[in-house]
Amino acid sequence: NDLLSWNLLVSLLGFLIFLGLSLYFKDFFIRKFSTKSPLLVQYYYWIFPFGFFFLMFSVMEAYCWSLKRTVISNFLKEAGLRLFTLVLISLFIFKFIDFNLFIKLFSFTYGLILLLIILYLYKKKEFYFSFKVSKVTRRLKKKMVIFGLFIFAGIAISTIAATIDSIIISSIIGQTA
């Protein structure tokens, strides 16, 4: 099965495009957020590891779903992520870590559960790469691309709709309002 390899490759390419555009428009971002949301600007670069690991976990989660291994991916996303976040918050509240370290560690939360899901799939011998185009992929390539673009557009629109208000409010009013 070559779908995991191609999905990871396309996702990585998309992330690299996003990274390039984010670095190119960094000055615009700083102008919009520096006065009202300085913490967002201060921790700007920590958005990227968080986004990368979130993306890779999402791909691996979908892969688990295709293997009918939904319990492990849902458990890691719903319980594992919350547990790790609880540990980080507790460490911060009891002054074992400062806010700066908290943000840095929090940006790797999805990285931790991504590692756990990869280890689980590797142990089950269901994690492997193949860039050799399979017969199924060759035959259904056109439909797969159209379907993938449709899904991508739906997720992009949903994500933008869910977050655009927070971004606009953060740039106008700030984080403390």
Side-chain angles (χ1 to χ4, degrees), residues 7-65 70 72-118 145-177:
N7 282 331
L8 288 172
L9 185 66
V10 169
S11 298
L12 181 62
L13 180 64
F15 179 78
L16 291 174
I17 292 169
F18 166 76
L19 181 64
L21 289 172
S22 297
L23 295 175
Y24 181 77
F25 288 108
K26 181 183 178 211
D27 293 335
F28 173 76
F29 183 86
I30 290 172
R31 277 196 314 270
K32 290 302 272 181
F33 292 95
S34 62
T35 55
K36 303 285 185 178
S37 302
L39 284 176
L40 189 58
V41 173
Q42 180 181 350
Y43 295 105
Y44 178 75
Y45 289 110
W46 292 101
I47 294 169
F48 302 122
F50 182 83
F52 175 75
F53 289 126
F54 177 75
L55 173 68
M56 290 297 126
F57 177 78
S58 296
V59 171
M60 294 307 297
E61 180 183 30
Y63 181 64
C64 282
W65 292 349
T70 57
I72 187 70
S73 64
N74 285 338
F75 176 78
L76 287 173
K77 187 168 87 173
E78 300 299 331
L81 190 63
R82 287 188 173 105
L83 181 65
F84 186 57
T85 304
L86 177 66
V87 168
L88 287 178
I89 291 170
S90 299
L91 289 172
F92 175 71
I93 288 173
F94 294 113
K95 308 253 189 266
F96 289 108
I97 61 173
D98 62 353
F99 184 72
N100 187 42
L101 184 57
F102 173 82
I103 293 294
K104 291 174 181 176
L105 292 174
F106 184 79
S107 69
F108 289 95
T109 52
Y110 276 96
L112 178 65
I113 61 173
L114 171 66
L115 178 64
L116 292 174
I117 206 166
I118 288 172
V145 168
I146 291 169
F147 183 72
L149 289 173
F150 178 74
I151 296 295
F152 173 77
I155 291 171
I157 290 168
S158 172
T159 303
I160 290 169
T163 58
I164 193 72
D165 56 341
S166 301
I167 293 170
I168 292 171
I169 290 170
S170 182
S171 73
I172 295 171
I173 297 174
Q175 297 165 327
T176 57

So, taking the atom named CG in Leu105 and the one named CZ in Phe92, what distance separates them when rounded to the nearest 0.5 Å?
12.0 Å
Which heavy atom of Val59 sits nearest a heavy atom of Ser11, and at what distance?
CG2-OG, 3.2 Å
If I compare all heavy atoms of Met56 with all of Leu114, which pair ends up nearest, and what's the gap?
CB-CD2, 3.6 Å
CZ of Phe99: more than 12 outside heavy atoms within 6.0 angstrom?
yes
To the nearest 0.5 Å, what is the distance between OG (Ser58) and CZ (Phe53)?
13.0 Å
Sub-4.5 Å side-chain heavy-atom contact between Arg82 and Leu86
no
Please tell me if the side chains of Leu12 and Phe52 come closer than 4.5 Å, counting only heavy atoms from C-beta onward.
yes
Distance-only donor-acceptor pairs under 3.5 Å for side chains of residues 155-168, two or more places apart:
unit_1	atom_1	unit_2	atom_2	d
Thr159	OG1	Ile155	O	2.8
Thr163	OG1	Thr159	O	2.8

To the nearest 0.5 Å, what is the distance between CD1 (Ile47) and CG (Leu19)?
11.5 Å
For a ring-ring contact (aromatic ring centres under 6.0 Å, His included) check, start with the C-alpha distance between Phe48 and Tyr44, then their side-chain angles and the critical distance, and finish with the verdict.
CA-CA 8 Å; Phe48 302 122; Tyr44 178 75; 5.3 Å; yes
So how far is it from Ile118 CD1 to Met60 CE, rounded to the nearest 0.5 Å?
5.0 Å
Validation row: Phe108, Trp46 side chains within 4.5 angstrom (heavy atoms):
yes
Can you find a heavy atom in the side chain of Tyr110 that is under 4.5 Å from one in the side chain of Ile113?
yes
Would a line drawn from the ring center of Tyr24 to the ring center of Phe28 be shorter than 6.0 Å?
no
Residue pair Ser73 / Ile117: nearest heavy atoms and the distance that separates them
CB-CD1, 3.7 Å
I'd like to know whether the aromatic ring centres of Phe33 and Phe29 sit less than 6.0 Å apart in this structure.
yes
Check salt bridge (Lys or Arg N to Asp or Glu O under 4.0 Å) between Lys104 and all other residues, then give those that pass, not counting sequence neighbours.
none
Side chain proximity check, Glu61 to Asn74, heavy atoms < 4.5 angstrom
yes
Could you give the distance from CZ (Phe18) to CG (Leu23), rounded to the nearest 0.5 Å?
9.0 Å
One should read off an interatomic distance between Leu40 CG and Tyr43 OH, to the nearest 0.5 angstrom, of 11.5 Å
Residues passing the side-chain contact (heavy atoms from CB on, under 4.5 Å) test with Thr109, sequence neighbours excluded, are Phe50, Leu81, Phe84, Thr85, Leu88, Phe106
Side-chain contact test, heavy atoms from C-beta onward, threshold under 4.5 Å: evaluate it for Tyr63 versus Leu8 and give yes or no.
no
